[in-house]
Participant: 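Starting off with a structure, shown below.
To find a chain, count down the sequence lines: A is the first, B the second, and so on, and within it residues start at 1.
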Amino acid sequence: MNRDIYLSNSLGGRKEKFKPINPKKVRMYVCGPTVYDDPHIGNARPLVVFDILFKILKCKFGNSSVVYVRNITDVDDKIIEGAKQKKILINKLTTDITKRFNEDCDYLNCEKPSFEPKATENIPLMIDMIKILIKKNNAYENNSHVYFDVSSFKDYGKLSNKNVDQLFAGARVEVSENKKRPEDFVLWKPSLKEEPGWDSPWGRGRPGWHIECSAMSKKYLGDTFDIHGGGRDLLFPHHENEIAQSRCANDNKSLSNFWIHNGFITVSNEKMSKSLGNIYKIKDFYKKYNGQVVRLALMSTHYKQAMDWSDDLLLQSQKTLDKWYEHQKKPEGKVLIPDEDLNPLYDDINTPGYISNIHKLYDKASKGSDKDKEIFTMACNFIGLLIEPKSKWLEFKKNILEISEEEILQKIKDRNKARDNKNYELADKIRNELLDKGVLIEDKDDKTTWKIK
RNA sequence: GGUAACGUGGCGGAAUGGUUACGCAGAGGAUUGCAAAUCCUUGUAUCCCGGUUCGAUUCCGGGCGUUACCUCCA
């Protein structure tokens, strides 16, 4: 496809034409999970958003020309805390949560990134980077801690539009005695005996909260790459600090040319938080909804917007997919999605606009030829929907039903007997009984079929 | 207090300097024993006040409101 991709760049705050440094190697880094607790629906949003961006980039530049890196942060104070609370070993917690994270990715039908590096497997790189920062006077050691000296980096605050003087004037930040200034942030800190630690020039310790992304993005994507993504909340301080570290260590003008941030998921218009108890874990949806339902729900709002999560949203998505599955037809041979239908995705990943186009393609498919059905299905497949066969979709629904298929068929027999005898009262009663159990009966021609409501 | 995003019909949610979003729900009709499904038809909207303009929901300014970030967080 010839048309250009446009993306909203947080750095600068406007929508820009996307131009990769090297079209034969488009590079994207997305901040992955810190594996300390089960992933929730808020974590799911960037997974799906950047999965779609990955697909768009591959469509534009070619499958083998896009490198997507998503890290796993498996060393962090929250992990230490979480393991303590659950009274399990740190290693057990991180492997368990990483496993669950991968299950969630499969459930949501997200493609595997090109690389999924773990922080703990790249500690030496972080130590090297910290060494460089100290050597260049961008960092200082004090009492086994190493801090980044924010005053040494002129562009600090440029990404998040923050003025350092104002930012820390009130000092709501905990000021450590070891820091020179409150805005400085930790690169390395000492570990207690029972805490995970690695030997370093500053003693046994562990890395700070931001350095892992700087080290791993450099390893896989180089000093400057094309896209860096993550949730809005990472904009400050995480991404600001990443930029400071990387640019000082690498001595260059840009870490990533594009910064993309997805909005939050709220519940009843409030941010999900543990204290409010309004967290929806992804695995909580496994039983009730096919992963595609959750995926479509996540795509129903533009990624930049906040989105309010509700049952109604899921039910609507379920209904839409039910309808769409009626005309699913696996493409045979090469089928192209018309450019004009693809347009919204190229314009800042406008998934709701694209979904609207799918509805139009559906209309055509429902009245048109097999080819139309194939185009429609292809359009769904592009954003990770309707890939699994209809039989599987129906099977999932059957499995969550509380009534067996035999019982249903028996009830239908009973009802049809009643109908033959013109005992419509009884027939309607049976139908309503089934409806209460979520089974909908349809009389078509001479045959009675059933489906899940 | 600082920084940002947002405010579109009953709901969800795009786009746009002048013309149908789209989906769900609703209404009417065809069909049906009644329904369901399907098909056809259909109503309803751009927070407030200024400015720019022939014309603004769209651009600019102000106000009000919502939310987020500034502290670990997708």
Participant: Work out how far the C1' atom of B:A36 is from that of B:U58, and round it to whole angstrom.
Facilitator: 43 Å
Participant: Does the structure show a Watson-Crick or G-U wobble partner for B:C24, both distances under 3.5 Å? Name it, or say none.
Facilitator: B:G10
Participant: Could you check which of B:C73, B:G33, B:A14 has an atom nearest any side-chain atom of A:Thr301?
Facilitator: B:A14
Participant: Closer than 4.0 Å, any side-chain N/O of A:Lys367 to the OP1 or OP2 of B:C40?
Facilitator: yes
Participant: Could you tell me the separation between the CG atom of A:Asp347 and the C1' atom of B:A21, rounded to a whole number of Å?
Facilitator: 15 Å
Participant: Paired with B:U66 by Watson-Crick or G-U wobble geometry, both distances under 3.5 Å: which nucleotide is it?
Facilitator: B:A5
Participant: Rounded to whole angstroms, how far apart are CG on A:Asp233 and C1' on B:A4?
Facilitator: 13 Å
Participant: Considering every strand and a 4.0 Å limit on heavy-atom distances, what is the contact class for A:Ile355: base, sugar-phosphate, or nothing?
Facilitator: nothing
Participant: Under 4.0 Å, counting only non-hydrogen atoms across every strand here, what does A:His40 touch: a base, just sugar-phosphate, or nothing?
Facilitator: base
Participant: Whole angstrom is fine here: how far is it from NZ in A:Lys319 over to C1' in B:U38?
Facilitator: 14 Å
Participant: Consider the side chain of A:Lys162, meaning its heavy atoms from C-beta on, and name the nucleotide among B:G33, B:G23, B:C70 that approaches it most closely.
Facilitator: B:C70
Participant: Under 4.0 Å, heavy atoms only, any strand: does A:Ser160 hit a base, just the sugar-phosphate, or nothing?
Facilitator: sugar-phosphate
Participant: Go ahead and name the base partner of B:U38; Watson-Crick or wobble counts if both distances stay under 3.5 Å, otherwise write none.
Facilitator: B:A30
Participant: A:Arg232 has an atom CZ; how far is it from atom P of B:C72, in whole Å?
Facilitator: 18 Å
Participant: Kindly point out which of B:G13, B:G33, B:A74 is positioned nearest to the side chain of A:Pro352?
Facilitator: B:G13
Participant: Of the listed nucleotides (B:G33, B:A4, B:A14), which one gets closest to any side-chain atom of A:Asp428?
Facilitator: B:G33
Participant: Could you work out which one of B:C22, B:A36, B:A14 sits closest to the side chain of A:Glu442?
Facilitator: B:A36
Participant: Pick the C1' atom in B:C48 and in B:G65, then give their distance to the nearest Å.
Facilitator: 10 Å
Participant: Which whole-number value in Å describes the distance from A:Trp259 CH2 to B:A4 C1'?
Facilitator: 17 Å
Participant: Provide, to the nearest angstrom, the distance between the OH atom belonging to A:Tyr354 and the P atom belonging to B:A15.
Facilitator: 17 Å
Participant: So, OP1 or OP2 of B:G13: does either fall under 4.0 Å of a side-chain N or O from A:Ser300?
Facilitator: no
Participant: Test for a donor-acceptor pair under 3.5 Å between the base of B:G2 and the side chain of A:Asn161, counting only N and O atoms.
Facilitator: no
Participant: Could you check which of B:G33, B:C72, B:C69 has an atom nearest any side-chain atom of A:Phe236?
Facilitator: B:C69
Participant: In whole angstrom, give the distance that lies between atom CZ of A:Phe264 and atom P of B:C6.
Facilitator: 16 Å
Participant: Roughly how many Å apart are B:U41 and B:A21, using the P atom of each and rounding to a whole number?
Facilitator: 15 Å
Participant: Return whichever of A:Tyr36 or A:Glu425 has its heavy-atom-nearest nucleotide of RNA chain B closer to the 5' end.
Facilitator: A:Glu425
Participant: Looking at the side chain of A:Arg415, which of B:G33, B:A25, B:A74 is the nearest nucleotide?
Facilitator: B:G33
Participant: From the options B:A74, B:A14, B:A21, select the nucleotide whose nearest atom is closest to the side chain of A:Lys360.
Facilitator: B:A21
Participant: Could you check whether A:Asp38 pairs with A:Arg100 (Lys NZ or Arg NE/NH1/NH2 to Asp/Glu carboxylate O, under 4.0 Å)?
Facilitator: yes
Participant: Is the A:Tyr29 to A:His228 ring centre distance short of 6.0 Å?
Facilitator: yes
Participant: Classify the side chain of A:Asp443 versus the base of B:C34 as yes if they form a donor-acceptor pair under 3.5 Å and no if they do not.
Facilitator: yes
Participant: On a plain distance test, is the side chain of A:Arg431 in donor-acceptor contact with the base of B:G33 below 3.5 Å?
Facilitator: no
Participant: So, A:His239 versus A:Trp259, ring centres under 6.0 angstrom or not?
Facilitator: yes
Participant: What contact category does A:Gln305 fall into here, base, sugar-phosphate, or nothing, at under 4.0 angstrom with non-hydrogen atoms?
Facilitator: sugar-phosphate
Participant: Can you tell me how far apart CZ (A:Phe285) and CG (A:Asn290) are? Round to the nearest 0.5 Å.
Facilitator: 13.5 Å
Participant: Taking only Lys NZ, Arg NE, NH1 and NH2, and the carboxylate oxygens of Asp or Glu, determine whether A:Asp4 and A:Lys17 approach each other closer than 4.0 Å.
Facilitator: yes
Participant: Can you name the nearest heavy-atom pair linking A:Pro338 to A:Ile375, along with the distance?
Facilitator: CD-CG2, 3.8 Å
Participant: With both distances under 3.5 angstrom, what nucleotide forms a Watson-Crick or G-U wobble pair with B:G50?
Facilitator: B:C60
Participant: Out of B:G23, B:A4, B:A14, which has the shortest distance to the side chain of A:Asn350?
Facilitator: B:A14
Participant: With heavy atoms under 4.0 Å as the rule, sort A:Ile358 into base, sugar-phosphate or nothing.
Facilitator: nothing
Participant: So does A:Gln316 get a side-chain nitrogen or oxygen closer than 4.0 Å to the phosphate oxygens (OP1/OP2) of B:G13?
Facilitator: no
Participant: Can a donor-acceptor pair be found, under 3.5 Å and without considering hydrogens, that links the side chain of A:Asn432 to the backbone of A:Asp428?
Facilitator: yes
Participant: Looking for any heavy atom pair under 4.0 Å, which part of the strands does A:Leu235 touch: base, sugar-phosphate only, or nothing?
Facilitator: nothing
Participant: Round to a whole Å and report the spacing from CG of A:Leu434 to P of B:A35.
Facilitator: 18 Å
Participant: Taking only side-chain N and O atoms of A:Lys323, does any of them lie within less than 4.0 angstrom of OP1 or OP2 on B:G23?
Facilitator: no
Participant: Applying a 3.5 Å limit to both distances, which nucleotide forms a Watson-Crick or G-U wobble pair with B:U19?
Facilitator: none
Participant: If you assign each of A:Gly230 and A:Leu313 to its closest nucleotide in RNA chain B, which residue comes earlier from the 5' end?
Facilitator: A:Leu313
Participant: Taking the six-membered ring for Trp, is the centroid-to-centroid distance between A:Phe18 and A:Tyr6 below 6.0 Å?
Facilitator: no
Participant: Would you mind telling me which of B:A74, B:G23, B:C11 lies closest to the side-chain atoms of A:Asp363?
Facilitator: B:G23
